[in-house]
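Numbered from 1 within each chain, the chains take letters A, B, ... in sequence-line order.
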Amino acid sequence: MSLDLASLNGPQRDAVLHDGSPLVVFAGAGSGKTRVITFRIAHLVLERGVPPRNVLAVTFTNKAASEMRARLSSLAPAFASRLRVGTFHSTCARILRQNADVIGLKRDFTIYDDQDQRAMVKRVLKDLALDPKRVTPKIVANRINRAKQEVTRPEDMPTDDPISEIVSRVYEAYEERMRKAGALDFGDLIYRLVLALESDQSLRESLSNRFEHILVDEFQDTNHAQFRLVRALASMHRNLVVVGDDDQCIYRWRGADRRNILDFRRAFPEAQIIKLEQNYRSTKRILRSAYAVIRRNKDREPKELFTENDEGGRILVVRTEDERDEARMVARAVQSLQEEGDPLSEMVVFYRVHAQSRVIEETLRTANIAYRIVGGTRFYDRLEVKDLLAYLRVLHNRDDDVSLLRIINTPPRGIGKTTIGRLLELAAQNGSGVFAALEEASEASVFGAAAKKKLGAFLALLQELARHKRELPLSDLGGTIADLTGYRAMLEKENTPESDARLQNIAELFGSMALFDEELTARRKAHEQVLAQNLERGPLFADNLDRDEAALLAEGDPLSAFLEGVTLQEEATQKDALTDRLTLMTVHAAKGLEFPTVFVTGMEEQMFPFKGTDPWEDPEELEEERRLAYVAFTRAEQRLVLSYATRRRVFGQLKNGVPSRFLDELPQDDIEQLGQPRRRAVPAYQPDPWDAPARPTPSSFELVTTDSWDVAQRAPRKEQQLADDAFEGDSYVDVTEGNDLYMGGGIRKGMRVRHARFGVGKVLAVSGGVPPRVEVRFPGVGDKNIVATYLEPA
DNA sequence: CTTAGTAGGATTGAG
DNA sequence: TCCTACTAAG
């Protein structure tokens, strides 16, 4: 059982064999990144005798983790199951549970997803009697998440402006509520462990001592908290290998910080760097085109992919009339490739935003082309699935208030707003959870007889379910809950196509519970066998197994194991690999994938690079769009088709489209244009925006004066007119530094606001966007309304 | 307490 | 345009 290192190229082999210092591997698209990671791990355990349980490999997605596990079990079958391979979140959840008492957490904490978190924030806002109009739950939740990404505690939050001040108070109260509910949000999983590791030396030593080797995949997407986590876990052995590609960092908006990989040596000065630049995926033309786009980014680690693959065919750049025409073009192209014998599974259609998918879907349906969409609403986010899971979660952790409140009147059982409000008050008075308040309800004078009866019945229902939970196997529990609570009956009675789909979804949920139960039982059995064998083989072998696994299998009840998996795992077990289908997805969803034929639609200015209602230009954002385009192009193996539409409906309005600047950047020899190339009346963008001078002052913001989407060809829109009139030649307005209304909040219709030049006015309308675009009437400015994006509340 | 109606908002989305 | 999330009437 030895590894075939000869199948690796030089740098790949260097990375696999590297020893003695931290290592950064810059792994370009299609350069064999996963191969390097898995070979390295296999090498560590097979050749260097590192105990598998002392190797930690961290990924971002479950998919990446299971792929890695699969490859490891063929490379090192005997060890694979004991290797620690997992996502950041699952790895942290596991460590937090195992060390719950030391860290000061409940061992059976519940994990709240974003929706649960939002609900909790909402409740806190209510508790603190804050106007949810002024500071929306969304803003606060975002700020809390950002704080946790940066490892900032509530007491360390800034309070310099009114909004920050409110946020810091809500954050603090939120943390307290979460503690009481025995719940952690996703951010907590990383953040709490970082706090614990950094403050508790003995915990840090014992954990970092255990992880002799640590490997992190997609390191360019780590946020600050994740960086600190990895640093702490590697503090003892410093055998840290991080793999990634700064050119493929497309999650800046989610906290990803490319500096983590670019400046890795700042934290680990002794680190070595290896670059994997040979690409095994794409044709030369595709690589040249992708490079032509990415090379214009400043501030990237210099590197260029090369390949021994063929030159390949030219990249097609197709002009279409509008989004329907574009969709038809794609459908026709797909069909003709199909006629040439290409299966649909070898083609993919990318778009920048989900909204583009609808028209494409419609067209594919009329053309009778089978397709599947990747992404969109996730199984465990579905209403009915969340409802039933909430029952399970309450049974597992009665303090889980968010889940309890979700099901207290679902299906409707006559417990309405007022009753729930009183129940919450009672809980607040007692400083207890909602469940405890429920138990006391029969004694409380605030409730009328009817309310008491209904609450009592609900409590009795929960108690009955708790009994079933103890007695029934997991496989039967779901169905029982759906029946006893009347949930199934509710859906059956509804009897609409939607309710049918919901019934199907809950059936699927029960199926996955049964499957989970089965697998757990099988694993337990297998584990017991190993245990018995090892005992027979003598004391030397008694310890030869994974203690964590052992603990989980011995003590964990199936329900808690299931719930953990569910919250941390997006996809349910649903696969229909049987029909050959065309794949549709956003470019973001495409990272890590490859297809022989790739269509990238919507290659227009404003679409790709995307530009929302945001009035200002952030050069960082353009760079991220460039990386996104780079990711899209480098998915293609053989054929790349780029299309743009000269007109497109956006939010119901027809807009004229200008070909994306990315198209202009492609090497002319490598592309072939189809359709009339459009004569451009107005240069719609800076020819060289990356060289454009910086904005006048960093703290100034542009007013929404123009809709730069093809200004010349349309009569100015109303608001544009207004703004033009009001400002002639004065397109900037200064804003107090640090006045952070930007996350969208603050300004609402009817509010009084102050403008640096026009004084105090009243908000007449707020139309979307971040920051929001507002129309204001200033008494001092005559009859005109002013459209602006940045104002101080008066 | 449910249902219909409407205002408001609108990238990208792992765990 | 289309979807969600809250408010007023059944």
(message) For a quick check of understanding: with a heavy-atom distance under 4.0 Å over all strands, which category does A/G414 fall into, base, sugar-phosphate or nothing?
(response) sugar-phosphate
(request) Respond yes when some side-chain nitrogen or oxygen of A/H588 is under 4.0 Å from OP1 or OP2 of B/dA14, and no when none is. (result) no
(request) Look only at the side chain of A/T634 and the backbone of A/Y630, and say whether a donor-acceptor pair between them is shorter than 3.5 Å. (result) yes
(message) Check this for me, if you would: do A/D221 and A/K591 make a salt bridge, where the nitrogen-to-carboxylate-oxygen distance has to be below 4.0 angstrom?
(response) yes
(message) Would A/F186 count as stacking on B/dG15 if stacking means ring centres less than 5.5 angstrom apart and planes tilted under 30 degrees?
(response) yes
(request) Ignoring backbone atoms, test whether A/T586 places a side-chain nitrogen or oxygen under 4.0 Å from the OP1 or OP2 oxygen of B/dG13. (result) yes
(request) For A/E218, report the nucleic acid contact type (base, sugar-phosphate, nothing); a contact means any heavy atom under 4.0 Å. (result) nothing
(request) Please answer whether B/dT12 and A/Y251 are stacked, defined here as ring centres separated by less than 5.5 Å and planes angled under 30°. (result) no
(request) Answer with yes or no whether A/R352 presents, from its side chain, a donor or acceptor under 3.5 Å of a partner atom in the base of B/dT12. (result) yes
(message) Reading DNA chain C from 5' to 3', where do the contacts with chain A start and stop? Cut-off is 4.0 Å to heavy atoms.
(response) C/dT1 to C/dC6
(message) Quick check: on DNA chain C, is the nucleotide nearest A/R649 upstream (toward 5') of the one nearest A/K417, or the reverse? Name the residue that is more 5'.
(response) A/R649
(message) For A/K148, is there an ion pair with A/D188 - N to carboxylate O distance below 4.0 angstrom?
(response) yes
(request) Verify the contact: side-chain N or O of A/N62 to OP1 or OP2 of B/dG15, cut-off strictly under 4.0 Å; return yes or no. (result) yes
(message) Mind checking if A/I250 touches a base, just sugar-phosphate, or nothing, with heavy atoms under 4.0 Å?
(response) nothing
(request) Specify the separation, in whole Å, of atom CD1 of A/I95 and atom P of B/dG15. (result) 18 Å
(message) Looking only at the side chain of A/K138 (C-beta and beyond, no hydrogens), which of the listed nucleotides B/dA10, B/dG15, B/dG13 gets closest?
(response) B/dA10
(request) Could you please name the option among B/dG15, B/dT12, B/dA10 that lies closest to any side-chain atom of A/F651? (result) B/dA10
(request) Please list all pairs passing the side chain to side chain donor-acceptor pair (under 3.5 Å) test where one or both residues lie in residues 403-413 of chain A, with sequence neighbours left out. (result) A/D387-A/R406, A/Y391-A/R413, A/R393-A/S403, A/D400-A/S403
(request) Would you mind reading off the distance between A/W253 atom CH2 and B/dT12 atom C1', rounded to a whole angstrom? (result) 4 Å
(message) My understanding is that only residues two or more places apart in sequence, or in another chain, count here; which of them pass salt bridge (charged side-chain N to carboxylate O under 4.0 Å, His left out) with A/R502?
(response) A/E384
(message) What's the closest nucleotide to the side chain of A/N409 if the choices are B/dG15, B/dG13, B/dT2?
(response) B/dT2
(request) To the nearest 0.5 Å, tell me how far A/T583 OG1 sits from A/R372 CZ. (result) 3.5 Å
(message) With rounding to the closest Å, how many angstrom separate the P atoms on B/dG13 and C/dT4?
(response) 16 Å
(request) Give a yes or no on whether a salt bridge exists between A/E624 and A/R627, defined as a side-chain N under 4.0 angstrom from a carboxylate O. (result) yes
